[in-house]
Amino acid sequence: MYFNDFFEYHLQTKHSYFSVRNFPNRLDWNNQPKVFKSYKNFEKISLNLDILNHSFLYYIAGISAKKVYPGVEYYLRVNPSAGALYPNEIYFQSRNNDDIPNGIYHFDISSSSLTLLKTINNDGLEKYLGFNTNINGFIFFISSLYYRSSWKYKNRAFRYCLLDSGHLLGSLEASCYIFDKKYKIKYDFNKQLFNKLFNFSNEEFFQTCIIVGEQTNTKSKEVEFSLPNVDGTYYFEENKFIEKAYKDSCLIKEKKQQELNSQFIYNKEIFKQIVYNRRSIREFSKKAIKKEEFFKILEILKQPICSDCDENVEIYCVINKVVGMPLGLYKDNKYLKEGDFKTQAGYLCLEQSLGKDSAVTFFLTSKGKNYQELYQKAGILGHRLYLASNYLGYGCSGIGAYYDDEVCEFLEENSMVLYALAIGN
């Protein structure tokens with residue numbers, strides 16, 4: 001899937017001043033999907049946070065807060081999600097991990113437990129992934145139940161499924177850092193095969209595989225198992241447009257490997273609390289941040305992401321309030337345009353005050369060739385921005401809605417706009 005082909009899905013899901021006013025979303029509250037999936041009548045292992053590997057899993061996607069409004073309860077997780085809709089699910093294989101029996105699992109987030117779907121011995125999922133030998137450690141899979149997002153965001157929901165998946169990858173990266181593990185993202189695998197293997201129908205599909213472990217010398221053998229199709233939404237409305245976008249973007253072309261791992265320098269105990277307490281800020285105080293801290297954040301964003309398909313994502317920054325830095329537009333740390341653009345940045349972010357009241361508003365763009373991969377990378381970068389900002393005492397908010405073409409005009413760059421984020425006090 002090439003950018004120069006003007007990918008139909010991206011073109012038809014752009015926001016504009018006209019589209020936002022003429023095609024508003026109207027929610028059907030009677031058909032709101034549930035945000036938790038659970039396999040009944042399977043053995044479950046409750047997570048015990050005093051056990052290292054249990055804690056490692058919890059810090060990837062565990063529930064960290066509950067909010068109650070009249071007639072409504074919201075459960076917030078360590079990973080953010082557009083509209084708190086959480087379209088992604090986590091499955092994994094465990095082999096020779098302390099305190100977790102060998103098997104294939106689903107992370108039942110609602111009960112903070114692991115559902116054992118299938119016990120494994122010498123068999124497993126490695127062969128289906130193209131590995132000839134078994135892997136000691138974890139093999140994670142991230143899927144999307146897209147109606148959880150399309151219920152609210154309609155056709156544009158596929159973007160949010162991918163960004164949310166990227167945030168999950170970012171929280172997995174953070175948990176790997178806390179618990180001294182290394183990861184590699186594997187985007188290039190037969191996703192349709194795994195969809196069938198886990199008995200998904202068209203409401204759920206796999207996007208990403210992550211290896212947290214090492215290959216052994218033991219020959220791999222395909223595991224055989226049969227799972228029931230489990231309703232993870234309560235109510236489902238098919239969206240052929242999203243399903244086609246998924247299928248059209250599964251094939252990877254001209255992939256570029258990134259073998260290097262990220263190198264962070266955080267106080268791990270403080271960082272662990274940051275991961276747990278992370279929240280999206282709703283308004284900024286309009287105060288400035290420090291120049292040296294802004295550059296620390298940029299340095300963290302530029303750390304490598306170990307994967308088999310590393311797409312290039314450009315980072316543009318509208319500097320609104322950074323001590324010692326001229327106002328204007330930057331690409332990374334290169335000064336592109338001088339001026340006070342805070343009002344324009346707020347307008348571009350669908351006229352939200354977050355974009356203009358922030359210290360810095362970021363726009364992530366790409367001319368990448370692999371749609372699923374570049375969007376998930378944008379989500380990883382977004383998650384790094386959340387955690388790095390929070391660690392330095394600043395707030396962050398992801399903004400998935402913006403006037404696509406007008407952002408490109410402002411940046412003077414013909415690219416796909418993937419994500420907008422704002423940081424500040």
Side-chain angles (χ1 to χ4, degrees), residues 3 10-11 14-21 159 163 280-302 312-368 374-375 377-379 381-382 384-386 388-390 392-425:
F3 172 73
H10 198 82
L11 288 174
K14 288 181 177 180
H15 282 318
S16 67
Y17 185 88
F18 173 83
S19 70
V20 168
R21 284 158 177 78
R159 296 193 189 199
L163 284 175
S280 295
I281 198 168
R282 296 303 173 202
E283 60 181 348
F284 293 108
S285 66
K286 302 182 182 181
K287 294 180 182 178
I289 69 172
K290 296 178 181 178
K291 177 180 179 180
E292 59 269 25
E293 292 179 334
F294 169 68
F295 281 108
K296 283 181 184 177
I297 290 170
L298 273 185
E299 185 180 343
I300 288 168
L301 295 184
K302 301 300 282 185
N312 186 50
V313 174
E314 304 286 1
I315 302 171
Y316 289 88
C317 311
V318 179
I319 300 296
N320 296 326
K321 302 172 192 70
V322 178
V323 177
M325 291 188 70
L327 300 180
L329 176 66
Y330 292 70
K331 184 177 180 181
D332 296 328
N333 58 359
K334 181 182 178 183
Y335 201 17
L336 298 182
K337 282 198 287 190
E338 180 182 359
D340 184 349
F341 298 123
K342 61 178 179 291
T343 300
Q344 191 167 1
Y347 167 78
L348 293 172
C349 295
L350 258 60
E351 299 159 72
Q352 298 178 71
S353 59
L354 285 169
K356 68 180 178 64
D357 294 342
S358 66
V360 185
T361 297
F362 294 79
F363 293 102
L364 307 185
T365 73
S366 182
K367 294 180 179 178
L374 63 90
Y375 252 93
K377 181 173 181 178
L381 296 178
R384 287 181 175 182
L385 186 58
Y386 264 96
S389 301
N390 288 181
L392 294 171
Y394 302 123
C396 179
S397 185
I399 304 167
Y402 36 79
Y403 295 137
D404 295 70
D405 287 342
E406 291 186 68
V407 172
C408 288
E409 290 175 17
F410 170 64
L411 301 179
E412 299 179 8
E413 183 67 56
N414 183 26
S415 298
M416 286 186 286
V417 186
L418 309 175
Y419 207 180
L421 302 105
I423 65 170
N425 283 289

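Small disclaimer: the values here were computed from a predicted structure and weren't measured. Below, each value reflects all heavy atoms present in this structure, side chains not excepted, and no hydrogens, waters or symmetry copies.
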Contacts of N425 meeting side-chain hydrogen bond (donor to acceptor under 3.5 Å, both in side chains) (sequence neighbours excluded), chain-then-number -> none
Interatomic distance, CG@L354 vs CD1@I423, rounded to 0.5 Å, equals 12.5 Å
Is a side-chain N or O of R384 found less than 3.5 angstrom from the main chain of I300, in a donor-acceptor match?
-> yes
What's the spacing between F363 CZ and L411 CG if we round to 0.5 Å?
-> 6.5 Å
Taking the side chain as every heavy atom from C-beta outward, state whether C317 and L298 have any atom pair closer than 4.5 Å.
-> yes
Starting at CG of D405, measure out to CG of L348 and round the result to the nearest 0.5 Å.
-> 11.5 Å
Non-neighbouring partners of Y419 that pass ring pair (Phe, Tyr, Trp, His ring centres under 6.0 Å), sequence neighbours left out | H167
Under the side-chain hydrogen bond (donor to acceptor under 3.5 Å, both in side chains) test, residues paired with E409 that sit two or more places apart = none
Got a sec, which residues hit side chain to side chain contact (heavy atoms under 4.5 Å, CB included) with A422, two or more places apart in sequence or on another chain?
-> F284, S358, T361, I399
Would you find more than 12 non-hydrogen atoms of other residues, nucleotides or ligands less than 6.0 Å from F295 atom CZ?
-> yes
Count the heavy atoms belonging to other residues, nucleotides or ligands that lie under 6.0 Å from NZ of K14, then report whether that count exceeds 12.
-> yes
So do the side chains of L421 and L381 get within less than 4.5 Å of each other, counting heavy atoms only?
-> no
What pairs with S16 under side-chain hydrogen bond (donor to acceptor under 3.5 Å, both in side chains), at least two apart in sequence or on another chain?
-> S19
Looking only at heavy atoms, which two atoms of S415 and C408 are closest? And how far apart?
-> O-SG, 3.1 Å
Where do G368 and M416 come nearest, in terms of heavy atoms and distance?
-> O-CE, 3.9 Å
Test item: L392 and K290 side chains (from C-beta on) under 4.5 Å apart, heavy atoms = no
Can you find a pair of side-chain heavy atoms, one from Y316 and one from V407, that are under 4.5 Å apart?
-> no
Does CD in E292 sit with more than 12 non-hydrogen atoms of other residues, nucleotides or ligands closer than 6.0 Å?
-> yes
List in chain and number order the residues that pass side-chain hydrogen bond (donor to acceptor under 3.5 Å, both in side chains) with E406, two or more places apart in sequence or in another chain; answer none if no residue qualifies.
-> Y347
Taking S389 as the fixed residue, which of I281, V360, I297 is the one that meets the side chain to side chain contact (heavy atoms under 4.5 Å, CB included) rule?
-> I297
Just jot down the side chain to side chain contact (heavy atoms under 4.5 Å, CB included) partners of K321, sequence neighbours excluded, or say none.
-> K286, A288, K342, A359
Validation row: Y402, Q352 side chains within 4.5 angstrom (heavy atoms) = no
Distance in Å, I319 CD1 paired with I289 CD1, rounded so as to fall on 0.5 Å steps = 7.0 Å
Which residues satisfy the salt bridge (Lys or Arg N to Asp or Glu O under 4.0 Å) test with R282, sequence neighbours excluded?
-> none
Judged by modelled atom types alone, do S366 and Y375 share a side-chain donor-acceptor pair under 3.5 Å?
-> no
Are F341 and F410 close enough that their ring centers fall under 6.0 Å?
-> yes
Count the heavy atoms of every other residue, nucleotide or ligand shown that sit under 6.0 Å from CD of E299, and state whether that count exceeds 12.
-> no
For residues 325-335, which side-chain donor-acceptor pairs fall under 3.5 Å, sequence neighbours excluded?
residue	atom	partner	partner atom	Å
Y330	OH	P326	O	3.0
Y335	OH	L327	O	2.6

Which salt bridge (charged side-chain N to carboxylate O under 4.0 Å, His left out) pairs, counting each pair once, include a residue from residues 411-420, with sequence neighbours left out?
-> K337-E412, K367-E413
Does L364 reach the side chain of I315, with side-chain heavy atoms less than 4.5 Å apart?
-> yes
